[in-house]
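Here is the structure we will look at.
All chains are named by letter (A, B, ...) in the order of the sequence lines, taking the proteins before the strands, and each is independently numbered beginning at 1.
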Amino acid sequence: MSRYLITAALPYANGPVHIGHLAGCYLPADIYVRYLRMKGEDVKFICGSDEHGVPITIKARQLGITPQDVVDKYHAIMRDAFFQFGISFDHYSRTSAPIHHQTASEFFKTLYDKGVFVEEITQQFYDEEAKQFLADRYITGTCPRCGYENAYGDQCENCGASLNPTDLINPKSKLSGKTPVLKPTKNWFLPMDKIQQSKEFQEYIKRFDNWKPNIKGQCASWLNEGLQPRAMTRDLDWGVKVPLPDAEGKVLYVWFDAPIGYISATKEFLTADWEKYWKNQPDKKDNPTLIHFIGKDNIVFHAIIFPMMLMTHGGYVLPENVPANEFLNLEGDKISTSRNWAVWLHEYLQDFPGREDELRYVLTSIAPETKDSEFTWKDFQARVNNELCAIVGNYVNRVVVLTNKYFAGDLNTSSAVESHPYQKEMDELFQRYTKAMNNYQFREAQSCAVEVARIGNKYLTEKEPWKKYDASNAESVAETRTVLINCFSIIAQMGLLFKPFVPRTAEKIFNLLNIAADKQIWTNKVNLAKVDDFMDLHKIKINTSSVILYQKIEDEQIEKQIQKLLEKKTMNQQPSAPSEEAVKAQMAETTFDDFSKMDIRVATILEAERVPKTDKLLKLLLDTGIDKRTVVSGIAAYYEPEKIIGQKVVMLANLAPRKIKGIESKGMILMAENEKGELSFITPQKEIITNGSTVK
RNA sequence: GGCGAGGUAGCUCAGGUGGUUAGAGCGCAGGAUUCAUAACCCUGAGGUCGGGGGUUCAAUUCCCCCCUUCGCUACCA
């Protein structure tokens with residue numbers, strides 16, 4: 001028996017869980033864990049809410065409540081939805097738990113004492129009015145890449161660029177709306193560049209060879225570019241306090257503390273025994289196997305940074321595999337929490353009560369294992385109706401109905417039971433299934449389970465007891481009994497294959513056949529003797545007139561869901577629907593004096609060309625009325641160079657010159673921008689306005 | 001622009017260290033059947049495996065170029 005510690009990414013506690021999270025991470029993790037348990041392995045499945053970090057503090061501020069209120073709310077929603085859906089965590093914790101603060105704090109202190117960190121004083125934005133340093137997410141400004149005005153200091157949500165706060169144009173503090181100033185502050189960096197060179201790390205990355213191509217490729221890409229030191233502390237007051245005397249007002253970087261959440265949750269759950277699931281054991285063969293299930297957005301943290309932390313700490317095992325999935329799209333569009341384009345788990349559970357297995361089944365059949373995939377409601381309906389109802393559910397019901405019809409539900413017999421002619425195919429399916437499961441190919445494995453039902457249907461159709469059964473002929477009765485016994489044996493084996501995927505269905509099947517929990521043990525090879533041990537083939541008795549495992553999904557239900565989504569889409573597209581994200585709040589007050597320092601004037605574009613090797617930049621020659629000058633502008637996504645010659649524009653003329661891609665840019669074109677970050681020139685309306693006319 | 005992963009039947013996806021007729025499910029067409037949730041079972045039609053070049057006796061599979069989708073990354077005063 002091997003020991004496993006399986007984790008699923010800690011969901012961030014600032015919003016509920018949607019089907020993309022499930023298909024990408026929680027469902028595959030749960031399936032794998034249930035498979036390991038079925039094999040009789042010693043496995044612990046750990047997860048919890050990730051409750052630190054800046055977005056939560058922003059959300060709290062917006063709602064006028066404390067960060068703790070925010071995380072309390074979403075922690076409860078997520079935990080309840082997960083458990084109702086059947087994600088079988090052994091323990092679901094949270095990073096605001098005291099034991100987590102203690103564990104993360106100690107972990108940091110150990111690395112500090114070992115001299116792992118590099119202390120560095122850097123210039124960070126500081127809000128003089130709020131008297132605090134600003135984390136990346138607390139700074140907004142114009143995205144230098146796409147021109148989106150509400151980009152965050154770490155990332156632009158419009159174009160997805162990852163940024164440094166100092167990259168932002170016109171940075172503003174989210175606290176006061178004022179322009180922040182740069183001020184020195186001390187932080188502790190993980191020298192990932194050095195650790196990358198270490199023998200131990202080089203040894204560790206060899207195991208990437210066995211990982212899925214998408215992850216291996218992404219990691220190789222990071223490693224080839226060379227890793228950079230990364231700050232493991234932040235100037236913020238929400239999180240785990242940095243356990244050092246000179247670290248007032250600093251907390252651990254959320255990505256430092258979050259993965260430690262896996263450890264603290266294990267501690268909380270197992271108390272004294274936790275180390276058996278995390279640490280190297282005296283005898284190497286007793287070492288636990290650590291596997292992280294995540295979505296592809298987390299690869300670098302789980303495959304590289306966290307292992308580096310574990311490695312430099314010492315004593316811990318490193319992840320054996322990080323099976324990350326790609327993204328799930330929804331009805332042709334990317335799932336987006338901020339645009340509310342999602343199917344939320346807690347809403348599904350309400351709209352489809354008792355239909356958890358149906359969603360589990362469909363999400364597994366379309367899981368983005370090797371590439372992005374797509375969920376549509378029509379497809380959901382088709383898969384439930386054509387596969388679960390028609391093939392699986394219908395098969396079980398026909399066997400039950402026939403048994404009642406010819407044997408009043410009792411197949412009890414003392415004569416020997418012959419195997420059916422498809423046992424070889426079944427055996428092959430079990431082997432295919434095992435191989436797929438071991439390689440994290442869950443869609444393939446699940447299809448093996450459906451395949452079993454197809455075999456059953458085929459067998460039944462070939463034997464056609466409804467034609468051959470003759471109550472007055474003992475031989476015919478015996479043969480029919482054998483056929484039905486075999487049909488039940490196929491059902492039982494199907495239950496085993498289905499158990500990790502649709503646990504409630506499996507439960508119903510095992511209840512129907514009175515198969516005790518201690519018999520539901522996986523075997524990767526089947527034959528009659530094994531099946532007979534698994535379930536007593538001589539004593540099959542059922543006491544139900546029919547078994548409907550799955551109900552059809554009606555057109556109206558699907559229409560309703562599609563309608564729900566269309567409404568969301570309409571709301572998203574209405575430019576007049578102002579939401580907090582869409583329309584920028586008014587900035588802090590300024591003075592006429594400040595405004596009049598701007599030399600804003602009209603100019604005409606004389607020449608325009610793309611800046612080579614860039615996506616966004618145009619090099620423009622402008623006639624400003626006073627001179628002809630070069631300006632580089634990030635508008636290539638919205639204007640083609642040939643088409644803007646002669647275009648009148650408004651520009652800021654006295655902006656300090658700056659070199660961009662080696663070109664000296666003297667000024668800045670002013671652009672109007674909508675909430676999507678789309679840009680437009682601002683053009684004077686009358687011909688009397690000529691080059692050099694001022695704007696005031 | 002650089003890097004990574006994809007582009008295979010109408011749809012959702014498998015597969016391939018180069019080698020006889022390229023696979024599955026759904027959908028579609030035809031047949032058979034009635035135990036069953038109009039379900040099951042059988043048969044069939046459908047693809048120059050993103051495009052173009054090259055290497056080879058032979059390429060969908062190897063090499064080069066291009067187009068395209070997704071992600072990471074650079075440039076936007």
key: Touch class at under 4.0 angstrom, heavy-atom based, for Ser373(A) against every strand present   = sugar-phosphate
Separation between the P atoms of rG47(B) and rC11(B), rounded to whole Å = 13 Å
key: rU20(B) to rC26(B) separation - C1' atoms, rounded to the nearest Å   = 30 Å
request  = Go through the steps for Lys378(A) and Asp555(A) under the test salt bridge (Lys or Arg N to Asp or Glu O under 4.0 Å), then give the verdict.
outcome  = CA-CA 9 Å; Lys378(A) 290 262 185 232; Asp555(A) 289 347; 5.9 Å; no
message = By the definition side-chain contact (heavy atoms from CB on, under 4.5 Å), identify the one residue from Val649(A), Val632(A), Thr630(A), Ile644(A) that meets it with Leu620(A).
response = Ile644(A)
key: Watson-Crick or G-U wobble mate for rC3(B), both contacts under 3.5 Å   = rG71(B)
task = With heavy atoms under 4.0 Å as the rule, sort Leu618(A) into base, sugar-phosphate or nothing.
result = nothing
task = For this output row, return yes or no: ring centroids of Tyr639(A) and Phe681(A) closer than 6.0 angstrom.
result = yes
Sugar-phosphate only, base, or nothing, as touched by Asn394(A) at under 4.0 Å among non-hydrogen atoms = base
key: side-chain N/O Lys378(A) vs rU12(B) OP1/OP2, d < 4.0 Å   = no
RNA chain B: 5'-proximal contact among Leu549(A) and Ile366(A) (nearest heavy atom) = Ile366(A)
request  = With the side chain of Thr370(A) defined as its heavy atoms from C-beta on, choose the nearest nucleotide among rC40(B), rG25(B), rC13(B).
outcome  = rC13(B)
Main-chain N/O of Val392(A) paired to Glu387(A) side chain as donor or acceptor, under 3.5 Å = no
request  = Please work out if Lys296(A) contacts a base, only the sugar-phosphate, or nothing of the nucleic acid, heavy-atom cut-off 4.0 Å.
outcome  = sugar-phosphate
message = Within the 4.0 Å heavy-atom criterion, would you say Val631(A) contacts the bases, only the backbone, or no part of the nucleic acid?
response = nothing
request  = Tell me what Glu387(A) touches on the nucleic acid: a base, only sugar-phosphate, or nothing, going by heavy atoms under 4.0 Å.
outcome  = sugar-phosphate
request  = Quick one: label Lys467(A) by what it contacts on the DNA or RNA (base, sugar-phosphate, nothing), any heavy atom closer than 4.0 Å.
outcome  = sugar-phosphate
remark   = With syn defined as a glycosidic angle within 90 degrees of 0 and anti as anything else, the base of rG46(B) is syn
inquiry  = If you compare every side-chain N and O of Lys371(A) against the phosphate oxygens of rG71(B) (OP1, OP2), does one of them come in below 4.0 Å?
reply    = no
remark   = note: Leu460(A), atom CG; rU37(B), atom C1'; distance rounded to Å ~ 15 Å
ask   = Does Asn224(A) put a side-chain nitrogen or oxygen below 4.0 Å from OP1 or OP2 of rG4(B)?
value = no
note = Lys334(A) atom NZ is separated from rG71(B) atom C1', nearest whole Å, by 9 Å
ask   = Looking for any heavy atom pair under 4.0 Å, which part of the strands does Ile660(A) touch: base, sugar-phosphate only, or nothing?
value = sugar-phosphate
request  = May I ask you to check if Lys458(A) and Tyr422(A) form a cation-pi contact, with NZ or CZ under 6.0 angstrom from the six-membered ring centre and within 45° of the axis?
outcome  = no
request  = Could you check whether Tyr550(A) gets within reach of a base, just the sugar-phosphate, or nothing at all, counting any heavy atom under 4.0 Å?
outcome  = base
inquiry  = Nearest whole Å is fine: how far is rU69(B) P from Asp333(A) CG?
reply    = 15 Å
